[in-house]
Protein chains: 2
Amino acid sequence: MFEHMFDYVIPMTVTTVASIAARLGISRTTVSNAFSRPDQLSSHLRQEILCAAQALGYPGPDPLAQSLRRGNSSYVALLFGEELATSLLTSAAQRLLASVAAASEQHWGGLLLASAAACRPRRAAGPTGRASQPTAGGLIAYSVPEQATGGFVRSPGKRVLIGGPPPTNPEIAWVQFDLALGAHALGRHLVELGHRSVHMVRTPVFSASFGWPEPAEAMGEHIFDGFSQGLGAALSHTYDLCAVPTRKQCVELLGTAENATAIACDNDATALALHAIAKQLGIKIPEQLSIVGVGDVPAARLAGLTTISEPCASAGHTALALLAEGGRCVLPAEVMMRDSTGPAHSR
Amino acid sequence: MFEHMFDYVIPMTVTTVASIAARLGISRTTVSNAFSRPDQLSSHLRQEILCAAQALGYPGPDPLAQSLRRGNSSYVALLFGEELATSLLTSAAQRLLASVAAASEQHWGGLLLASAAACRPRRAAGPTGRASQPTAGGLIAYSVPEQATGGFVRSPGKRVLIGGPPPTNPEIAWVQFDLALGAHALGRHLVELGHRSVHMVRTPVFSASFGWPEPAEAMGEHIFDGFSQGLGAALSHTYDLCAVPTRKQCVELLGTAENATAIACDNDATALALHAIAKQLGIKIPEQLSIVGVGDVPAARLAGLTTISEPCASAGHTALALLAEGGRCVLPAEVMMRDSTGPAHSR
DNA sequence: TTGTAAGCGTTATCAC
DNA sequence: GTGATAACGCTTACAA
């Protein structure tokens with residue numbers, strides 16, 4: 001009964017172009033023009049309108065209605081494959097977010113965060129269920145399969161995929177990461193640190209932290225090639241190990257690698273395992289042994305593992321550029337220098 | 001001339017409720033109901049509609065149009081005072097973002113990031129200028145003055161302010177941080193570490209990293225009170241220092257504090273300065289001297305300074321709850337234990 | 001259970 | 001330089 005008691009606080013009429021027009025006795029078009037197309041208007045009348053708008057507390061054209069009418073939103077969406085809560089744990093995702101945020105601030109009206117995982121397909125939305133997929137003017141999808149990116153934007157040309165396999169649809173832009181180049185750089189770095197006997201651990205089926213089902217072996221190969229080219233003659237031995245080695249395997253490997261000054265793994269999980277076991281065995285890292293991995297998983301940062309990371313900081317800017325121009329490009333991975341590498345010494 | 005060459009790729013008619021209705025020879029209402037109000041429909045017909053929608057590649061109701069019509073958006077906006085590029089550097093902002101993201105994923109359709117700084121007032125938007133303020137269903141504003149939060153949401157009841165002074169408008173929800181409680185905890189912690197002679201540095205006008213113009217002294221007082229209660233008899237001396245002390249001042253202070261085992265500052269800037277100079281003087285931290293600050297500025301993390309941080313991880317959940325229920329609550333600050341504190345020893 | 005009609009707030013088109 | 005009209009895609013009383 002008394003639910004409208006406080007209505008006086010809220011203006012009964014929401015201020016809109018129509019109300020301003022009515023107030024001034026002119027047409028809605030003219031008011032709209034005053035905001036969106038100043039050149040269509042005598043500047044005198046424009047001032048008058050702007051003035052009246054301010055007086056009426058009009059906050060400006062509603063972005064929602066604008067988007068609906070114009071068919072484009074001023075938001076750019078950043079889409080992750082996993083739940084946001086999970087994705088934002090990754091240093092890669094954090095850096096990507098920061099760079100997208102920074103770069104988008106110039107030309108976009110807002111940054112929309114969403115995850116493909118949390119967005120059930122729109123059609124399943126019930127009456128009380130939360131709304132489904134967001135709509136944006138542009139979409140940047142990180143580690144999301146091409147198929148899952150539909151529906152967020154109106155045109156495929158407004159999509160750019162980061163990482164993963166190249167999109168089938170040629171209209172979709174693509175930023176690729178070249179981890180092999182990073183591996184090459186990391187290999188060279190080890191050589192420059194004086195390492196002359198580096199052992200490499202290869203994981204036959206290796207999909208690491210990149211949730212891509214397909215080019216796992218291929219990617220592993222590329223990384224291996226990158227490392228071996230970077231290391232040159234310093235690469236003295238190669239092991240094959242499963243991605244989640246047992247303690248025993250690690251101990252054996254470390255024994256075999258006794259006269260190696262560094263161990264390079266093609267993934268972080270293995271590198272972290274060796275790192276942990278080596279410490280347990282009393283091997284000082286990096287004084288006696290340097291260890292590097294690939295992927296920059298969250299644990300790598302915590303453990304201080306030197307590793308190769310997807311170049312997310314540059315990816316943000318690049319993606320935004322590609323959103324405008326379209327096209328594809330490949331970015332070299334970056335080396336994350338941390339505490340598990342140092343000058344070569346013998347054990 | 002040939003700009004429409006590839007039109008065959010894009011369906012000439014965008015799929016919409018109307019097109020589905022036309023296809024099936026029924027009314028738009030029924031189609032809409034099939035998606036938004038399943039109970040208004042025979043499940044048989046509903047299936048038929050959903051089926052046809054899928055066949056036509058209909059991605060579901062356009063959130064934009066839905067929002068416009070229903071007058072509420074399914075996005076929740078997280079608003080920062082500074083540019084996103086700047087804000088996201090802060091550990092506090094990162095933690096807040098993560099917690100809001102996690103908590104919002106359950107009930108909201110997307111998370112909109114924006115900064116009050118980057119949003120010029122709507123009315124200034126030119127014809128080609130990017131759209132102005134985003135519109136959301138709910139707004140969480142962190143370190144943003146109450147006045148700058150208008151226009152993002154349609155109703156004041158859909159706003160919650162985090163930090164800063166209490167909002168004037170009683171409809172706006174508020175999450176307050178109690179740094180004094182954190183100071184108390186940190187003081188106790190020092191005592192528990194065995195410190196019996198703790199010196200305190202007070203900064204008369206102290207607004208630290210909280211861009212609030214007003215209760216600077218008051219806040220400083222509260223923090224001091226918190227510390228002194230937590231420290232009890234261990235608090236043996238208090239200095240007054242400006243927020244950005246000179247090197248000379250630091251050296252003098254460290255000399256005077258020679259028989260203190262710990263120094264507590266009411267802000268990070270001072271603590272960091274003392275921390276740096278102490279190291280230069282060869283004082284081992286934390287072995288010989290523990291130093292703590294307040295605020296958890298980015299540099300504090302890098303320097304490994306133990307400090308008090310705004311409890312952003314819990315703030316996200318709390319804010320989201322308050323968005324629904326309204327109201328106000330106060331959260332105790334958290335102690336960020338880092339490397340600048342350790343057991344008490346004498347110098 | 002289904003259809004009709006009237007919007008939500010804005011802007012593009014085309015007359016005047 | 002200005003104004004009427006018709007959308008944009010959807011929802012929701014209310015009537016059938």
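In what follows, chains carry the letters A, B, and so on, assigned in the order in which the sequence lines appear, proteins first and then strands, with residues in each chain numbered from 1.
- In this structure, CG of B:L64 is placed 20 Å from P of D:dA7, rounded to the nearest angstrom.
- Atom pair B:Q40:CD and D:dT12:P shows a separation of 10 Å (rounding to whole Å applied).
- Residue-level contact check: A:S32 touches the bases, meaning some heavy atom is under 4.0 Å from a base atom.
- Within the model, atoms OG of A:S104 and CG of A:L320 stand 6.0 Å from one another, a figure rounded to the nearest 0.5 Å.
- Note: CG (A:D39) to C1' (D:dG1) measures 11 Å, nearest angstrom.
- When the C1' atom of C:dT2 is taken as reference, atom CD1 of B:I49 falls 10 Å away, rounded to whole Å.
- The interatomic distance linking B:E48 (CD) with C:dT2 (C1') rounds to 14 Å, in whole Å.
- B:F35 places its CZ atom 14 Å from the C1' atom of D:dT11, with the value rounded to the nearest Å.
- Summarising the geometry, the separation between CG on A:L41 and C1' on C:dT11 is reported as 14 Å, rounded to the nearest angstrom.
- Summarising the geometry of B:A85 relative to A:A102, their closest heavy-atom pair is CB-CB, 3.5 Å, with the distance given to 0.1 Å.
- Heavy-atom contacts from other residues, nucleotides or ligands closer than 6.0 Å to CZ of A:R328 number more than 12.
- Put simply, B:S36 has a side-chain N or O that comes within less than 4.0 Å of OP1 or OP2 on D:dT11.
- When distances are taken from the side chain of A:R37 to each of C:dT10, D:dC10, C:dA12, the shortest belongs to C:dA12.
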- Please assess A:E310 against A:Y142 for the test side-chain hydrogen bond (donor to acceptor under 3.5 Å, both in side chains), listing each intermediate value before the final yes or no. CA-CA 11 Å; A:E310 302 179 332; A:Y142 175 64; 2.3 Å; yes
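- OP1 or OP2 of C:dT11 has at least one side-chain nitrogen or oxygen of A:Q66 nearer than 4.0 Å.
- The one candidate from A:L161, A:I140, A:V175, A:I162 that meets the side chain to side chain contact (heavy atoms under 4.5 Å, CB included) condition with A:L322 is A:V175.
- Scanning all heavy atoms of the two residues, the minimum distance from A:A65 to B:L68 falls at CB-CD1, 4.0 Å.
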- In 5'-to-3' order, the base (B), backbone-only (S) or no-contact (-) status of each nucleotide in nucleotides 3-8 of chain C, using a 4.0 angstrom heavy-atom cut-off, is BBBBBB
- Going through the distances and angles, do A:S115 and B:E105 end up as a side-chain hydrogen bond (donor to acceptor under 3.5 Å, both in side chains)? CA-CA 9 Å; A:S115 81; B:E105 219 144 19; 3.2 Å; yes
